[in-house]
Protein chains: 2
Amino acid sequence: MLADLRRPERTFTIRQLCNEFKATPRALRFYEDKGLLTPAREGLNRVYSHKDRVRLQLILRGKRVGLSLSEIRELLDLYDENDDGAAQMARSLKKFRERATALEQQREDIDGALIELREACARLERRLAEIRPDLLPRAADYDQVLRARLDGHADAVMGK
Amino acid sequence: MLADLRRPERTFTIRQLCNEFKATPRALRFYEDKGLLTPAREGLNRVYSHKDRVRLQLILRGKRVGLSLSEIRELLDLYDENDDGAAQMARSLKKFRERATALEQQREDIDGALIELREACARLERRLAEIRPDLLPRAADYDQVLRARLDGHADAVMGK
DNA sequence: GGCCAAGTTGACGTTTACGTAAACGTTGAC
DNA sequence: GTCAACGTTTACGTAAACGTCAACTTGGCC
């Protein structure tokens with residue numbers, strides 16, 4: 001295949017990468033502003049190399065697991081200094097482990113909040129059953145459940 | 001006890017409530033700005049009634065479970081309209097249930113991120129073990145684990 | 001020539017929950 | 001008299017990750 005994505009000399013426009021990874025042009029330019037990407041230019045237009053594409057993948061992976069852009073940049077910088085990559089891998093491993101423990105903590109916090117929420121719900125349900133059973137919402141609306149699942153998504157990990 | 005906190009005519013200064021609930025004066029004034037609290041005045045100074053104290057408790061409880069201040073305000077507003085409180089309870093129950101499903105979703109997202117993280121960690125560990133086993137960080141630093149536990153806290157639920 | 005699509009560079013707006021001065025008033029202790 | 005400790009208001013700062021204009025250029029196509 002002549003258009004194989006992995007052919008190293010292949011280049012990409014901003015929109016191609018946006019489509020492929022479901023990002024916006026604004027986001028890619030923003031990453032560039034922040035030093036995460038440094039695509040070549042053809043006149044004014046950005047030209048993304050195969051390496052740029054890999055970096056973008058790493059950026060998005062970092063975001064998915066909840067790293068901040070500045071943390072991601074640090075890791076990418078190490079990736080460039082390229083002392084065979086070993087030191088960079090060690091630092092990445094450390095960051096990832098830190099992030100994992102932080103996420104575990106977040107999960108515990110959420111569990112605590114859920115306990116408090118369920119208690120509050122139970123109290124309200126009991127009192128409503130006494131006073132005005134007709135106002136008691138049966139089960140959760142399907143609508144809302146669905147909407148809640150369609151929003152949030154991976155963004156929740158980033159604390160949005 | 002003459003100073004029983006539940007004595008309805010008892011009043012509180014801003015600092016007393018701050019100490020009791022570990023908030024800052026700035027925060028209470030901010031809640032007032034946002035319409036969540038409306039303490040009386042003695043000259044310029046704020047005087048918090050027993051009812052204000054209850055409202056503050058509700059505010060903080062709402063925050064702990066991850067509601068935004070504007071959501072909390074909506075609930076408190078309903079609390080005031082006070083048609084025997086039943087309608088307000090029904091709305092609160094609805095909000096709480098919505099919040100619960102959102103938190104459950106967040107937990108799933110976190111679990112997904114944790115899976116991706118653990119895979120990445122495993123890959124890095126294997127490759128480091130091959131290339132430079134000396135750089136492989138043994139276990140997580142005690143320091144960092146402790147720090148991670150002391151920060152985050154309930155704030156994590158709020159997405160901080 | 002004329003127009004559209006897609007690219008570019010600023011630069012300001014958004015959101016949340018306060019923190020952080022700055023500048024001032026009041027009260028009580030010494 | 002004056003210093004500390006508490007209170008007040010006004011108002012700007014913060015952080016993150018872009019969204020959303022605005023105003024312009026470039027290339028292609030008819």
Side-chain angles (χ1 to χ4, degrees), chain A residues 11-19 21-48 52 56 59-74 76 99 102 106 151-160, chain B residues 11-48 52 56 58-74 76 99 102 106 151-160:
Chain A
T11 64
F12 308 85
T13 73
I14 193 169
R15 191 145 299 273
Q16 283 171 336
L17 289 186
C18 286
N19 290 338
F21 297 112
K22 292 168 185 257
T24 68
R26 181 69 182 93
L28 296 210
R29 294 187 198 113
F30 184 74
Y31 299 153
E32 188 175 341
D33 255 27
K34 295 292 171 182
L36 300 180
L37 287 175
T38 46
R41 298 300 179 112
E42 232 173 43
L44 282 182
N45 291 10
R46 289 164 175 80
V47 179
Y48 295 88
D52 292 322
L56 179 55
I59 293 169
L60 298 177
R61 182 167 305 169
K63 274 179 55 69
R64 260 172 301 172
V65 302
L67 295 180
S68 73
L69 290 187
S70 65
E71 288 175 311
I72 294 170
R73 186 167 54 80
E74 289 172 22
L76 289 177
R99 193 80 222 349
Q106 272 193 44
D151 295 347
H153 210 52
D155 293 338
V157 178
M158 306 293 293
K160 283 188 182 172
Chain B
T11 65
F12 307 85
T13 73
I14 193 170
R15 191 146 297 276
Q16 284 171 335
L17 288 186
C18 286
N19 290 338
E20 183 175 357
F21 297 111
K22 292 168 185 257
T24 69
R26 181 69 182 91
L28 296 210
R29 294 187 198 112
F30 183 74
Y31 298 154
E32 189 175 342
D33 255 27
K34 295 293 170 181
L36 300 180
L37 287 176
T38 46
R41 297 300 179 111
E42 232 172 43
L44 282 181
N45 290 10
R46 289 163 174 81
V47 179
Y48 294 88
D52 292 322
L56 179 55
L58 293 176
I59 293 168
L60 298 177
R61 181 166 306 169
K63 275 180 55 71
R64 260 172 307 183
V65 302
L67 294 180
S68 74
L69 290 187
S70 64
E71 287 175 313
I72 294 170
R73 185 166 55 79
E74 289 172 24
L76 290 177
R99 190 67 187 124
Q106 272 193 44
D151 295 347
H153 210 52
D155 292 340
V157 178
M158 307 293 292
K160 283 187 182 172

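On a predicted model such as this, the values are computed, not experimentally measured, just so you know. Reminder, nothing fancy here: chain letters follow the sequence lines and each chain counts from 1.
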Minimum side-chain heavy-atom gap [X]-[Y] below 4.5 Å:
X       : Y       : answer
A:Leu56 : A:Tyr48 : no
B:Asn45 : B:Thr13 : no
A:Leu28 : A:Leu17 : yes
B:Ile72 : B:Lys63 : yes

Q | Rounded distance [0.5 Å steps], CG in A:Leu37 versus OH in A:Tyr31 | A | 9.0 Å

Q | Separation between CD1 of B:Ile59 and CG of B:Leu69, rounded to the nearest 0.5 Å | A | 7.5 Å

Round to the nearest Å and state the distance from [X] atom [atom1] to [N] atom [atom2].
X       : N      : atom1 : atom2 : answer
A:Asn45 : D:dG28 : CG    : P     : 11 Å
B:Glu42 : D:dC6  : CD    : P     : 18 Å
A:Tyr48 : C:dA6  : OH    : C1'   : 14 Å
B:Ile59 : C:dC18 : CD1   : P     : 10 Å

Q: May I ask you to decide if B:Gly35's main-chain N or O and B:Arg73's side chain share a donor-acceptor pair within less than 3.5 Å?
A: no

Q.
Please check: side-chain N/O of B:Glu71 versus main-chain N/O of B:Ser68, any donor-acceptor pairing under 3.5 Å?
A. yes

Q. Base, sugar-phosphate, or nothing: which does A:Ser70 touch, judged by heavy atoms less than 4.0 Å apart?
A. nothing

Q. Sequence neighbours excluded, which residues qualify as side-chain hydrogen bond (donor to acceptor under 3.5 Å, both in side chains) partners of A:Arg29?
A.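 A:Arg29: no side-chain hydrogen bond (donor to acceptor under 3.5 Å, both in side chains) contacts found.
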
Q) Which residues satisfy the side-chain hydrogen bond (donor to acceptor under 3.5 Å, both in side chains) test with B:Arg46, sequence neighbours excluded? A)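 Counting only residues at least two positions away or on another chain, B:Arg46 forms a side-chain hydrogen bond (donor to acceptor under 3.5 Å, both in side chains) with B:Glu32.
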
If only side-chain N and O atoms of [X] are considered, is one of them under 4.0 Å from the OP1 or OP2 phosphate oxygen of [N]?
X       : N     : value
B:Arg41 : D:dT9 : yes
B:Arg46 : D:dT9 : yes
B:Thr13 : D:dC6 : no

Q: Five pairs at each end of the helix from C:dG1-D:dC30 to C:dC30-D:dG1: take the axis at both ends and give me the angle between them to 10°.
A: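 Answer for the end axes of this duplex: 30°.
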
(Q) Which residues in residues 27-35 of chain A have a heavy atom closer than 4.0 Å to any atom of DNA chain D? (A) A:Ala27, A:Phe30, A:Tyr31

Q | Counterpart residues, side-chain contact (heavy atoms from CB on, under 4.5 Å), relative to A:Thr24 (two or more places apart) | A |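 A:Arg26, A:Ala27.
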
Q: Return the nearest nucleotide to the side chain of B:Arg15; candidates are D:dG7, C:dT8, D:dT8.
A: D:dG7

Q. Which one, C:dA17, C:dG7, D:dT8, comes nearest to the side chain of B:Ile14?
A.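 Comparing C:dA17, C:dG7, D:dT8 against the side chain of B:Ile14, the answer is D:dT8.
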
Close N/O contacts between protein and nucleotides 21-27 of chain C (under 3.5 Å):
none

